[in-house]
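Everything on this sheet refers to the single structure shown next.
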Amino acid sequence: MKKQELLKWNGWGYNDSKFIFNKKGQAEFTGKRYRLGGMVLPTFKEWIEKTFGASLEHKTTSRASLNVNDVPPSIVNEEFLQDLKATKISYSQDAEDRVFRAHGHCLHEIFVLREGMFKRIPDLVVWPVCHEDVVKIVELACKHNLCIIPFGGGTSVSSALECPEEEKRTIVSLDTSQMNRILWIDEKNLTACVEAGIVGQDLEKQLAESGFCTGHEPDSMEFSSLGGWVATRASGMKKNIYGNIEDLVIHIKMVTPRGIVEKNCQVPRMSTGPDIHHFIMGSEGTLGVVTEVTIKIRPVPEYQKYGSVVFPNFERGVACLREVAKQRCAPASIRLVDNAQFQFGHALKPQVASIFTSFLDGLKKFYITKFKGFDPNVLCVATLLFEGDREKVLQHEKQVYDIATKFGGLAAGEDNGQRGYMLTFVIAYLRDLGLDYYVIGESFETSVPWDRVLDLCRNVKERIVRECKEKGVQFAPLSTCRVTQTYDAGACVYFYFAFNYRGISDPIHVYEQIERAAREEILANGGSLSHHHGVGKLRKRWMKESISDVGLGMLRSVKEYVDPNNIFGNKNLL
Amino acid sequence: MKCYTPVIYKGLSPCKPNAIKSAVLQSEQVQYVIKQLAKEMGESPDIIQEEAMEILDEMGHSMQLGAVRFFAFTLSKIFKQLFQRVCVNEEGMQRLQHAIQEHPVVLLPSHRSYVDFLMLSYLLYTYDLALPVIAAGIDFLGMKIVGELLRRAGAFFMRRSFGGNRLYWAVFAEYVKTMLRSGYAPIEFFLEGTRSRTAKTLTPKFGLLSIVMEPFFKREVFDTYLVPISISYERILEESLYAYELLGVPKPKESTSGLLKARRILSDNFGTIHIYVGQPVSLRTLASGRISRCPYNLVPRHLPQKPSEDIQEFVTDVAYKMELLQIENMVLSPWVLVAAVLLQNLPAMDFELLIEKTQWLKGLTQTFGGFVEWPDNLCAKKAVISGLTLHSNIARLVNGHVVLNDKGVEDGAVGEIVFKRALAILMCATYRNQLLNVFVRPSLVAVALQMTSSFRKEEVYSCFSFLRDVFSDEFIFFPGISLKDFEEGCFLLAKCDAIQTSQQEIYPTDKGSGIVSFLSAMFRPFVEGYQLIFRYLSKETKEAFTEKQFIPGVRNFVFQLLEKGNTQCYEALSSDMQKNALAALVQLGAAKKKKMSSGFTYNVNQEAVNKILDMFDARIPVQKPVAARL
C-alpha cells in the first residue's frame, strides 16, 4: 500500500484520525487508533474559543486534493533512467509520490500543501529494498551527477526535507521505507541489527514478538524511522532508562559518495580517535544514507505504571524535577507541564462515562483547589512513567513521590499521567484542526542548564506574547512550555506556540518572524539551538554562533571529503 | 489618613525588608564570595558571613508605611512653606504607572538638591505608585534620627567608595539586584552620583547602573525600564551653600542640628519645582543587537564576572543617553535666561536691555530645543521682575539698572571684595549653567569659529573636536560621536540663520554675528578658566601632587590674578571647574593619575600642557585626523 493512502497528504498522521466538530458542535476525535478515538470532548470547544478567540463560524478549508497540474514537472535524464531500470529498483515519477516526499511537517510546509505549491520537489522517488540497492543508487547518482535527498518517515520539523529551490540537477528522493527488516537479534549481547528504514512502532512491535524492545520512543515514533533518528540525533521519551539514540547505537553502516563507512566490530565503546558515529549522527542527510544500524535491545519490561503530581506552581515543579535529577532517580519519563498546558490537557478530557467518575473528579478538584489552596490558574502538573520489575517500580514510585511531597507536590493519579502521554501523540493532529479555524501553531524545543530553566521558560513565553502583539496579532497567543527531559546538568524544554491569525495578511511570514525571535530569546537565555529536532535549513543561520567558526569548518571539511560533489545536496546544517 | 494602595509589579511576591536581607545573605553570589575570601584569608566563613551581615544591616532599608506617612505629612507641610508650586507632567506619571506593573523599574532623577529624592518619593506616594528604594550616601547615617527615618522611608546606604572591598561590592550588588529581580520596588539612584553643585549635569557614574542592568544581561528579568526624571528648581535650596563650597569653604557635614538650623530658610521663598518624568526606556530595546550573549552563557550566573568591553561600552552609552534625556526634559525658568544675559553684562545692565535680551534668548533657547517654562501670556518684563524678586539675594534693580548683589564690595579688603563678587557670580552661574548643555554643541562651533578665525570646515571641525575633548568632563557629550555633535551644532546655528554652510566652508552671516558672539561669550568663562588652570599646572607644579594640594594651589593662583585685575574670570575659582580641567588633562594624556594608598596623585607633563595651551591660543593649528565625510 502506498504511504499516502494511509497517511494524510496535507496534515499529520493517519487519514482516519482527526479532530472534528460533530453535528452538536462538540469536538470529537475520529478513528480507533488512539485511546481518544471516538470520544467526545465536551469542554474543548470552549477552550479553543477562550484561548484563541477563534470561532467555529470562521473557517478556512484546505484544498481537497492535490492539483496535479500545479506540480513542477519531473525532469530526469533518460540515460540515468535506463541505468536505474537496469538495477530493477522500483521508482516513481508520479506527482503525488513526489509531493509527498517534498516536505516535512513544519507549519509553512503544511500551509503550502493546503493552499499553494512548493517551488521545487523531487523529480523521482526510488525505493531501495536493501543496502546493496542503496549502494547502486548512490553510484548512479555520482555517475550522472544527481542530487539525493534521503527520506525516512517524513516527520522532520526543521525544513530538512525541502528541496533547495536553486538545485538544477535531478533530485532523487531516496525513500528508505522498504528497508524495514530486522536482520538479526543477538540475545547474548542484547543487540539487534535493523535496516534503517524501519518505522519506530514496527520496530518495537517486531522486537516485542521476541520479548525485546529498544525503548526508544520519540513522540513521532509511529511514523519516524530508525535512519531518521540517527541522522537527526533523536531523543526518546524514555531516555532515562534506555538513553538517547547516541547511547543506543552500537554500529552504523552508511553509504556515502566516497564509499561505505562503518566500524570493524560491534563493541560497547572504543578509543580510536573521535567517534565516527558522531559525524554520522546529526548529519541530517548531508553525507550519505544510513542503511543498517545495530542497536541495543532490552527485555520488554514486566510492569509499567503511569503517575502524576500536582504542584502549586511551576517554580516548585522545576525545583522538584531538579532534585529528582540530582538524586538520579528519574523514572523512565518525567515531564512537567506549565499551567496553560495543564488547562489545555484538561480541555481534552473526554466525556466521563459514569456519574461516579465525575463525582470523583469533582472531589479531587475540590481537594486540590479548596482544601490545599492550589490556584487552578497557577498550578502545574508533572506526569510520570515508571517501568521495570513490579517491585522495583513500586519502590521507585515511592521515592519519587516522597521527593515531590517535599516540594509541595500532591499525587494526582495514574489516569492524569496516562492521558498526558497519550496527548503527546494526538497533539500533532490538533494543528490540522486549528488550521481550519485560522489558528496556526508549532512546537520547538531547546536544552538548558538547570539554573536557567525558569528564566528561559518565562522569558521565551513572554517574548512570544510581545512579538505577537507587535506584529499585530489580535488575540493573545497560546504560549506554553513543558520541561520534558531531565539530565544531570540541565533539562530539555519544549514549547507550544499558536495564535489566531484572522486579520493578518501574511500569517506565515508573521509566524516565522515570531519563531525566529523566540529562538533568539532562547539563545540569549543560555539555551541550545536544538535538543533533538535538529537544524535542517530552518535554524542554519545560528550554527556559527552555536559551534564557532572553527567548529563549523571542521564539519565542512568532513562534508568536503565525504561528498565533494554535493550529491547529498539537501543543504541542511552547514 | 490617605489610603495608600499602590500599583505594583505584576511578578511581585510581597516580602519584608528583612526577608530581602536574608535572601541576599543566603544567595549563591554572596556565599561564593564569602567562601572565596575565607579561603584566601584563612578565616572561617562564619566570621566573614558575620561581616556581610553587618554590611547588610548598615546598608539595608527598612521601609515602613508608618514612616512613609510621617514623611508625607511633614514634607507636605514643609514643601508648602518652601515652594510656591510643584509641577509634574501627568502623562509621565501615567506612563510610569504602566511601567511599574510591567517590568522592574529604575528611576534616574537628576540631582540638584536634597529635596530631589524626598520630593520624588512624596510625589509617587501622592500618585499612589509603588515607593522607590533609594541609594543614598552613607553620610546620611551620620545624622541622628534622620538617617534612621530615611531608612524607614526606603533609603538604603552605600559607602562612597568600595571598589577594593570585594565583600562589600558583592553584598551591595546582590542587595540591589535582589530588589530589582523580585520587582520589590522601583530602584532610584542618581547617575550623577552626587548633587551637582553647579546645576550643570555631572558626568555619569557607572557602578550602580551596571548593577541594575546585569539582571537583564543575564536574563534573570525579561526587561528593565530606565526612567529619566528631570527635576528643576526655580531657586535651589542649597544655592549659597554650593557657592561657598565651590570656593573652598567646606561643606557642613550632614547633621541633624545643621538641619534644624536650616529652619531659617523655611521663611524664604523658593519658587516652583518642575518634575518631568521621562518616557520609560526599555533596556531590552537599547540592548537589542548590541550585546553578544556568549560571555554570560559560558559562566555560571552567580560568579562575579568582570563585564566585557562591549558591555562596559554599552553601560557608558546608556548612562550618557539617560543624562541627555534628563537634559532634554529639564524645565528652564525665565530666570535661567536672565542669569545668562546678566553674566555677560557685568557689573550692571540696563533693565530694558536685559528684558529685550532675555526675550531674544528665549527664542534662541527654544530653537535649540530647550524646554522653557514661560507662559504665553506672561510678558517679558513681568517674567524678569518675578525672577529678580525670587532671586533678590543674587541681583537687584537699582536706578533702572540691574546689578549683581555683591554686598560689602565697597568696604573691605581687596580679597574680601573678590570673594564676595565670586560668590555672587558663582550663584548666578548656577542658573546660567542650566542652559549650557542645551547650548553646548552650537556654542562650541561658535567658539571654534572665533578661535580658528577661519571658515574652512575642516579647521573649524578639528577645533570643535579639540574643545569637545577638553570639555568632556564639563559638559555631557554622547561618547564617540564628535562629528555628529558638530553637525548638530552647525545645523542649529544654520536653523537660527547664524551661519551659512557650504561643502567646505562655514561662515557667520551678518545677522548671525550677534548670535555667534553671544554663544561664545556664554562659554568664555570655561575657555578662559581652563586656560588659567592649565597655565597654573604648566608653571606651578613640578612634582606629583594630590587633589587636596591642587585645589588650594590653583585657587590661590587665580585669586591673585583676580586681585591684581589681570583676569576677570571669577568662575575659575570654582573647584568644580578646577577638578574637571585636571580630569581633562588626564583624559588628553597630558597628566597621569596614579592610585596611591592615600588616594590619587597626579603628574603633569608640562610640555603636553603647553601644547594644549597653544591650541587654545590658536598658535598652532589643531592636529587631528579629519573625518573623511567633511
Side-chain angles (χ1 to χ4, degrees), chain A residues 312-316 318-319 322 339 375 377-378 408 446-470 476 479 481 489-490 493 513 516-529 541-551, chain B residues 9-15 23 26-32 98-99 101-104 174 177-178 180-183 213-225 280 282-305 308 310-311 314:
Chain A
N313 56 44
F314 194 63
E315 288 76 9
R316 302 285 277 164
V318 171
R322 204 283 159 267
N339 184 265
D375 180 344
N377 292 312
V378 178
T446 187
S447 49
V448 59
W450 276 115
D451 70 314
R452 296 175 199 247
V453 169
L454 281 176
D455 288 333
L456 181 133
C457 290
R458 183 197 58 231
N459 291 344
V460 172
K461 286 195 275 183
E462 172 110 24
R463 179 76 181 262
I464 290 171
V465 171
R466 264 158 206 276
E467 291 287 332
C468 279
K469 210 170 166 187
E470 265 170 43
S479 167
C481 71
V493 183
Q513 283 179 313
R516 185 172 160 179
R519 182 59 60 182
E520 293 278 350
E521 192 62 36
I522 286 176
L523 296 174
N525 280 272
S528 64
L529 189 51
R541 65 164 68 87
W542 292 289
M543 269 301 273
K544 196 168 119 181
E545 178 181 341
S546 291
I547 62 169
S548 83
D549 260 337
V550 177
Chain B
Y9 175 54
K10 62 177 179 207
L12 176 69
S13 38
C15 62
Q26 296 313 319
S27 71
E28 283 177 303
Q29 285 81 346
V30 170
Q31 286 299 324
Y32 175 82
H98 285 294
Q101 292 168 69
E102 247 183 300
H103 297 301
E174 192 50 31
K177 284 189 278 187
T178 302
L180 183 104
R181 278 192 293 252
S182 64
M213 282 161 83
E214 208 184 78
F216 170 72
F217 292 151
K218 293 186 171 172
R219 293 303 193 275
E220 292 161 338
V221 296
F222 184 78
D223 198 353
T224 303
Y225 276 129
S282 148
L283 182 54
R284 175 174 275 270
T285 311
L286 289 177
S288 114
R290 279 207 55 174
I291 304 295
S292 151
R293 40 210 172 207
C294 225
Y296 290 104
N297 288 348
L298 293 179
V299 178
R301 293 187 295 180
H302 68 273
L303 296 193
Q305 200 179 346
S308 66
D310 64 328
I311 293 278
F314 178 65

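Below, each value reflects all heavy atoms present in this structure, side chains not excepted, and no hydrogens, waters or symmetry copies.
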> So, B/Asn297 side chain and A/Asn525 main chain: donor-acceptor pair closer than 3.5 Å or not?
Replying inline: no

> How many angstroms lie between CZ in A/Arg466 and OG in B/Ser282, if you round to the nearest 0.5 Å?
Replying inline: 8.0 Å

> Can A/Arg458 and B/Arg219 be said to form a side chain to side chain contact (heavy atoms under 4.5 Å, CB included), step by step?
Replying inline: CA-CA 10 Å; A/Arg458 183 197 58 231; B/Arg219 293 303 193 275; over 6 Å; no

> Do B/Arg301 side-chain atoms and A/Asp451 backbone N/O form a donor-acceptor pair below 3.5 Å?
Replying inline: yes

> For B/Tyr296 and A/Arg452, which heavy atoms make the closest approach, and how far apart are they?
Replying inline: O-NH2, 2.7 Å

> Run the salt bridge (Lys or Arg N to Asp or Glu O under 4.0 Å) check on B/Arg284 and A/Glu462 step by step: do they pass?
Replying inline: CA-CA 13 Å; B/Arg284 175 174 275 270; A/Glu462 172 110 24; over 6 Å; no

